Amino acid sequence: MSAENGGSIVSILTENRVFPPPPEFAAKSHVSSLEQYESLWNRAKDDPEGFWGEMAQTLQWSKPWEKVLDWNPPFAKWFVGGELNASVNCVDRHAAGPNKDKAAIIWEGEPGEKRVLTYQDLLVEVSRFANVLKGLGVVKGDVVAIYMPMIPELVIAVLACARIGAPHTVVFGGFSAEALAGRIQDCQAKVLVTADGGFRRGKVVPLKENADGAAAVCPSLKAVVVAKRTGHDIAMTAGRDHWWHDLAAKASSDCPAESLDSEHPLYILYTSGSTGKPKGILHTTGGYLLGAALTTKWVFDLKDDDVYFCTADIGWVTGHSYLVYGPLANGATSVMYEGAPNWPDEGRFWKIIQEYKVSILYTAPTAIRAFMKWGEQFPKSYDLSSLRLLGSVGEPINPEAWMWYHRVIGGERCPIVDTWWQTETGSIMIAPMPGATPTIPGSATRPLPGIVPEVVTRDGKPVGVNEGGFLVIKQPWPSMLRTLYGDDERYKSTYWSEVPGCYFTGDGARRDEHGNFWIMGRVDDVLNVAGHRLSTMEVESALVSHPKVAEAAVVGKPDELRGQAISAFVTLETGQEASEALRQELRAHVVKEIGALARPDDIRFTESLPKTRSGKIMRRLLRDVAAGRESSGDTSTLEDLSVLAKLKEEDEV
Ligand code: ATP
Ligand code: MG
């Protein structure tokens, strides 16, 4: 990365639309004014240990901690000496109270089946499966890999691991046998929990076949447990493979939970790898659970009667923190859907929301842009009046996508929480508190209490108001990653060496005069045009604000004169035609929106953009296409390889 401008990034996007919390919403919220938010934030900043110690009282501990924080940079221990169990916090304590018959999980399969698990049901199933794992020889500290479709057994397996202190590593069901094997080998998992298959767009995903491919090259695996989902024929290896239902039928439903040290590893999760080789992020029990639980309550303003729908797969951190641990720790009702948003048609999510009267929806910009592309007629044919709050996560949300979400899905009444965080941070870091913080399209707004971010130059100096720079976090927080599994050195060099004394997020940002943060995308995606460092997000947002554009990605390509020229890849709204005239119109539109500096040098129209399996645009691959060179980096996390091949073909025409 160049050190020009001291590493700062020029910001050229202006956004003036501001949406204060609706008064009726604020009146009923947990945090209901900006003053209340600010006093919480200041208190946490001045006395972090006092603050976090008080917050941690909301969890159920089997042994109190002696010390809130032991900080030996960059290694943190939270709630030192304390003991607890995550499954007890997520299940037992609700099953023992007035919520025992409340739905914990409302599940819908892609073909349409429904299943409801109350907290009491969940306790029985989790305990039973914990005994199944024990019966297979799993003991505290053994890693269990989970490779499953989005079915209730996935949640049960995760919580069963937590119950006996076996760290889980969930591998997204869309990954290949090789990707699964790489992850199992890295963490030396002892047992693999999978299913015969899952349903996706009406087809069977051959999970067991992939699991077999992985198991063949993973000697650490002693057993494979297979849940029956699709019922199609699969091969079972005698002595190694077991049907879930056979083992469960023989297991007791009573399994006392292990009292675990606060720092006992809860899980390892490999990041999606938008930027390279996946990293095994390690999260531990007490701090992580506190972060997930507290932020779910604050950011989603969660109430006892909410029906909460997070559309993320549990294979990603969003599913871990905001489908499993966060909502369940709060005793909430979570909706879980197995399949694709466009199956059997593009109205599926809206049908689910209507049917279960979902009040909180949490999804990703990539999904929102797809909904926009498909058209308003789908959401418009369902009753979405039960919704009261909307969330977004995963990428910067382009202001036009935000406005569409606000208008079409939120009926102009639901606050939108744009939540910035990472697999590494464990829980949401920067986001509105919806009853307190005015929201602005494209801004994640303010840091949550206890979180102290700053925008700095490469050498750690704070930049001025509205100047772009590197987003760093200045104080440790409970749900931070503890290390990269088995690689403390890579942990140090990736996160703690880039900017002295701070956690380096790898994202660019600016902070405006009101203290709102604007995430500008990954720093390694930043454009460098004639010495000006520009954010991809800002140029893309200008393109997406054109009514004919559905989605855009911009990258720099080598240019002798200016260092880099801007290359844009654009997908159009359904029904729009690509043409030279439109290309000119788009270039002029960007100039009008944000200035001549950002004018794309070339624009290519494409059917789709290369994305990670979690739906993020992979600009690294587009940079290679734009420069006309072969892709050198890892493509195992790419969702659909044909997209890349097609882009190259289109390029040759
Ligand atoms: P890898 O680190 O392996 O390249 P990844 O960064 O895509 O993968 P995640 O941890 O799932 O894996 O994603 C975190 C990143 O996603 C953030 O660093 C940021 O770039 C982006 N992101 C997430 N939420 C937001 C948001 N609300 N606004 C802007 N960017 C976001
Ligand atoms: Mg990352």
Side-chain angles (χ1 to χ4, degrees), residues 1-16 274-275 365 395-399 402 418-422 425 429-431 440-447 451-474 495 498-500 502-545 552-556 562-566 568 590-591 593-600 616-617 619-620 623:
M1 176 155 319
S2 111
E4 268 165 286
N5 313 334
S8 65
I9 307 168
V10 189
S11 177
I12 43 188
L13 179 82
T14 45
E15 174 59 63
N16 299 316
S274 318
T275 47
E395 288 180 291
I397 178 166
N398 313 111
W402 195 105
D418 174 5
T419 63
W420 177 86
W421 61 295
Q422 310 177 296
T425 68
M429 304 288 276
I430 305 180
I440 312 166
S443 171
T445 74
R446 307 280 202 105
I451 305 304
V452 188
E454 193 161 29
V455 183
V456 300
T457 60
R458 182 101 250 178
D459 40 9
K461 294 200 185 66
V463 301
V465 166
N466 280 322
E467 261 178 58
F470 300 91
L471 180 66
V472 298
I473 315 289
K474 304 198 70 169
Y495 304 107
E498 296 278 341
V499 174
C502 299
Y503 169 81
F504 181 71
T505 67
D507 286 337
R510 74 180 160 92
R511 194 166 197 188
D512 69 18
E513 56 278 24
H514 307 290
N516 294 305
F517 284 84
W518 298 73
I519 311 296
M520 298 162 86
R522 296 162 184 280
V523 290
D524 30 42
D525 284 341
V526 164
L527 309 164
N528 195 337
V529 183
H532 298 283
R533 292 163 48 78
L534 304 178
S535 137
T536 47
M537 186 270 187
E538 296 193 344
V539 183
E540 288 161 7
S541 290
L543 283 163
V544 173
S545 72
V554 306
V555 296
R562 292 172 298 159
Q564 281 185 340
I566 300 179
V590 172
V591 172
E593 291 291 306
I594 54 178
L597 189 59
R599 178 195 289 121
K616 300 181 198 209
I617 298 169
R619 293 182 192 76
R620 160 168 80 81
R623 276 198 290 277

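No experiment lies behind these values; they were computed from the predicted model shown.
When all heavy atoms of Val539 and Ala598 are compared, the closest pair comes out as CG1-O, 3.9 Å. The shortest non-hydrogen separation linking Val455 to Gly469 is CG1-N, 3.4 Å. The heavy-atom pair separating Val555 from Arg623 by the smallest distance is CB-CG, 3.6 Å. Summarising the geometry of Arg619 relative to Asp525, their closest heavy-atom pair is NH1-OD2, 3.2 Å, with the distance given to 0.1 Å. Shortest non-hydrogen contact noted between Gly508 and Val523 is N-CG1, 3.5 Å. Between Ala542 and Glu593, the shortest heavy-atom distance links the atoms CB-CB, 4.1 Å.
Side-chain contact between Val463 and Thr457 is present, with at least one heavy-atom pair separated by less than 4.5 Å. The shortest distance between side-chain heavy atoms of Val456 and Lys461 does not fall below 4.5 Å. Within the 4.5 Å cutoff, the side chain of Val590 has heavy atoms near those of the Leu543 side chain. Two residues are said to be in side-chain contact when any heavy atoms from C-beta on lie closer than 4.5 Å; Met429 and Pro453 fail this criterion. Taking the side chain as every heavy atom from C-beta outward, Pro399 and Met537 approach each other to under 4.5 Å. Side-chain contact check for Ile566 versus Leu534: some heavy-atom pair is nearer than 4.5 Å.
Evaluation of the ring pair (Phe, Tyr, Trp, His ring centres under 6.0 Å) rule for Tyr495 yields Tyr503 as partners, not counting sequence neighbours. Remark: Glu454 pairs with Lys474 by the side-chain hydrogen bond (donor to acceptor under 3.5 Å, both in side chains) rule, at least two apart or across chains. Under the rule for a side-chain hydrogen bond (donor to acceptor under 3.5 Å, both in side chains), Arg599 has no partner lying at least two apart in sequence or in another chain. For Ser11, the side-chain hydrogen bond (donor to acceptor under 3.5 Å, both in side chains) partners two or more places apart in sequence, or in a different chain, are Arg510, Glu538. Not counting sequence neighbours, the partners of Thr419 by the side-chain hydrogen bond (donor to acceptor under 3.5 Å, both in side chains) test are Tyr362.
Just one of Pro365, Ser541, Pro441, Ser443 meets the side-chain contact (heavy atoms from CB on, under 4.5 Å) condition when paired with Trp402; it is Pro441.
The distance from atom CZ of Arg511 to atom OG1 of Thr445, rounded to the nearest 0.5 Å, is 10.0 Å. Between the CD1 atom in Ile451 and the CH2 atom in Trp421 there is a gap of 12.5 Å [rounded to 0.5 Å]. The CG atom of Asp524 sits 9.5 Å away from atom CZ of Arg620, with the distance rounded to the nearest 0.5 Å. Note: Gln422 CD to Leu471 CG = 8.0 Å, rounded to the nearest 0.5 Å.
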If you look only at distance, which donor and acceptor atoms sit under 3.5 Å apart when one is on a side chain in residues 513-520 and the other is two or more places apart or in another chain?
| residue | atom | partner | partner atom | Å |
| --- | --- | --- | --- | --- |
| Glu513 | OE1 | Asn466 | ND2 | 2.8 |
| Asn516 | ND2 | Asp512 | OD2 | 3.3 |
| Trp518 | NE1 | Asp512 | OD2 | 3.1 |

(request) Begin from the C-alpha positions of Thr536 and Leu527 and carry the test side-chain contact (heavy atoms from CB on, under 4.5 Å) through to its verdict. (result) CA-CA 7 Å; Thr536 47; Leu527 309 164; 4.3 Å; yes
(message) Could you walk me through whether Ile473 and Thr505 satisfy the side-chain contact (heavy atoms from CB on, under 4.5 Å) test, starting with their C-alpha distance in whole Å, then the side-chain angles of each, then the deciding distance to 0.1 Å, before giving a yes or no?
(response) CA-CA 8 Å; Ile473 315 289; Thr505 67; 4.1 Å; yes
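Side chain of Glu395 to backbone of Ile617: a donor-acceptor contact under 3.5 angstrom is found.
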